[in-house]
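The block underneath contains the structure these notes are about, expressed in structure tokens.
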Amino acid sequence: MTAERWTDPNCPVARTVDLVGDRWSLLIVRDAMDGASAFTDFHQRLGIARNVLTDRLRRLTEYGILARDTAPSGKRQTYTLTDAGRDLFTVMLALRQWGERHAFTSGEEHSVLVDQRGEVVPELRAIDTTGTPLTSGTTRVQKAS
């Protein structure tokens, strides 16, 4: 993106939202993390309009979040997460865990993220260099000069 298109050029949160902040982009990244790689995979999983999916895949590729390759058959394109895309895992985990706490009623069923042993992934916690939990009340943004 060019500098004039950033919502808030000096804010990392705003730039991230500019890149992946719409619901379809995040759900495409989620599904790529869960093994989707072909256009039809994303289309079937999400039920997204083809033109919207085409646009989001193009943008995510342009932004370096997905890489596009030609499948071995040579007949279709596949999409894989780049290092930058894989770096969104912690963001996706934080969104998932927030949703588990705040988007479901008590006892309502939902999917669960498990590790390689089948254990539920523990709650993500932000901590400082001494291991003390961080909150919005114990941190501040230092503005760029």
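Keep in mind that what you see is a predicted model, and the values were worked out from it rather than measured.
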*Report the C-alpha distance between Leu113 and Arg96 in whole Å, list the side-chain angles of each, state the deciding distance to 0.1 Å, and finish with yes or no for side chain to side chain contact (heavy atoms under 4.5 Å, CB included).*
CA-CA 9 Å; Leu113 186 64; Arg96 166 179 276 285; 3.6 Å; yes
*Would Met33 and Phe89 satisfy side chain to side chain contact (heavy atoms under 4.5 Å, CB included), going step by step from the backbone distance to the final call?*
CA-CA 8 Å; Met33 288 181 179; Phe89 176 77; 4.1 Å; yes
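- With hydrogens and angles disregarded, no donor-acceptor distance shorter than 3.5 Å links the side chain of Asp34 to the backbone of Arg30.
- Asp69 approaches Thr80 most closely through the heavy-atom pair OD2-OG1, 4.1 Å.
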*Report the C-alpha distance between Met92 and Leu26 in whole Å, list the side-chain angles of each, state the deciding distance to 0.1 Å, and finish with yes or no for side chain to side chain contact (heavy atoms under 4.5 Å, CB included).*
CA-CA 8 Å; Met92 300 302 285; Leu26 286 173; 3.9 Å; yes
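- Residues passing the salt bridge (charged side-chain N to carboxylate O under 4.0 Å, His left out) test with Arg23: none are found, sequence neighbours excluded.
- In terms of heavy atoms, Ser25 sits closest to Asp22 at OG-OD1, 2.7 Å.
- Cluster annotation: Val17 is not connected to Leu95 through the hydrophobic network of ILVMFWY side chains, with a link wherever side-chain heavy atoms come within less than 4.5 Å.
- Annotation for Pro133 and Thr138: closest pair O-OG1, 4.2 Å, computed over non-hydrogen atoms.
- Interatomic distance, Tyr79 OH to Asp41 CG, rounded to the nearest 0.5 Å: 11.5 Å.
- Residue Thr135 comes nearest to Thr139 through the heavy atom pair O-OG1, 3.0 Å, listed as atom of the first residue, atom of the second, then distance.
- With Glu108 contributing its side chain and Thr105 its backbone, the two residues share a donor-acceptor pair below 3.5 Å.
- Across every non-hydrogen atom of Ala84 and Gly64, the tightest pair is CB-O, 3.5 Å.
- Under a hydrophobic-cluster definition in which Ile, Leu, Val, Met, Phe, Trp and Tyr are linked whenever side-chain heavy atoms come within less than 4.5 Å, directly or via other members, Trp98 and Leu27 are assigned to different clusters.
- No hydrogens or angles considered: nothing links the side chains of Thr54 and Asn51 as a donor-acceptor pair under 3.5 Å.
- His43 contributes a side-chain N or O that, together with a main-chain N or O of Ile48, makes up a donor-acceptor pair within less than 3.5 Å.
- Side-chain contact between Ile28 and Leu66: present, with at least one pair of heavy atoms (C-beta onward) separated by less than 4.5 Å.
- The two residues Arg76 and Thr40 make their nearest non-hydrogen contact at NH1-OG1, 4.1 Å.
- Val121 and Phe104 fall into different hydrophobic clusters, defined by Ile, Leu, Val, Met, Phe, Trp and Tyr side-chain heavy atoms under 4.5 Å apart, directly or through other members.
- Taking Asp115 as the reference, Arg117 meet the salt bridge (charged side-chain N to carboxylate O under 4.0 Å, His left out) condition, with sequence neighbours excluded.
- Around the CZ atom of Arg125, the shell of radius 6.0 Å holds no more than 12 heavy atoms that belong to other residues, nucleotides or ligands.
- When atom types are taken as modelled, the side chain of Gln97 and the backbone of Pro122 share a donor-acceptor pair closer than 3.5 angstrom.
- A salt bridge between Arg15 and Asp8 is absent, with no side-chain N of the basic residue lying under 4.0 Å from a carboxylate O of the acidic one.
- A donor-acceptor distance shorter than 3.5 angstrom exists from the side chain of Thr82 to the backbone of Ile65, with no hydrogens or angles considered.
- Put simply, Val13 and Tyr63 are part of two different groups of oily side chains (I, L, V, M, F, W, Y) that touch within less than 4.5 Å, one to the next.
- Inter-residue side-chain proximity for Val52 and Trp24 is flagged as met; some heavy-atom pair is nearer than 4.5 Å.
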*Determine, step by step, whether Arg56 and Phe42 satisfy the side chain to side chain contact (heavy atoms under 4.5 Å, CB included) criterion, reporting the C-alpha distance in whole Å, the side-chain angles of both residues, the deciding distance to 0.1 Å, and the verdict.*
CA-CA 11 Å; Arg56 295 314 186 278; Phe42 295 110; over 6 Å; no
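- Side-chain N or O atoms of Thr61 include none that pairs as donor or acceptor with a backbone N or O of Arg68 at under 3.5 Å.
- Put simply, the residue from Leu81, Leu19, Val20 that forms a side-chain contact (heavy atoms from CB on, under 4.5 Å) with Leu88 is Val20.
- In summary, the side chains of Asp18 and Thr7 do present a donor paired with an acceptor at a separation below 3.5 Å, with no hydrogens or angles considered.
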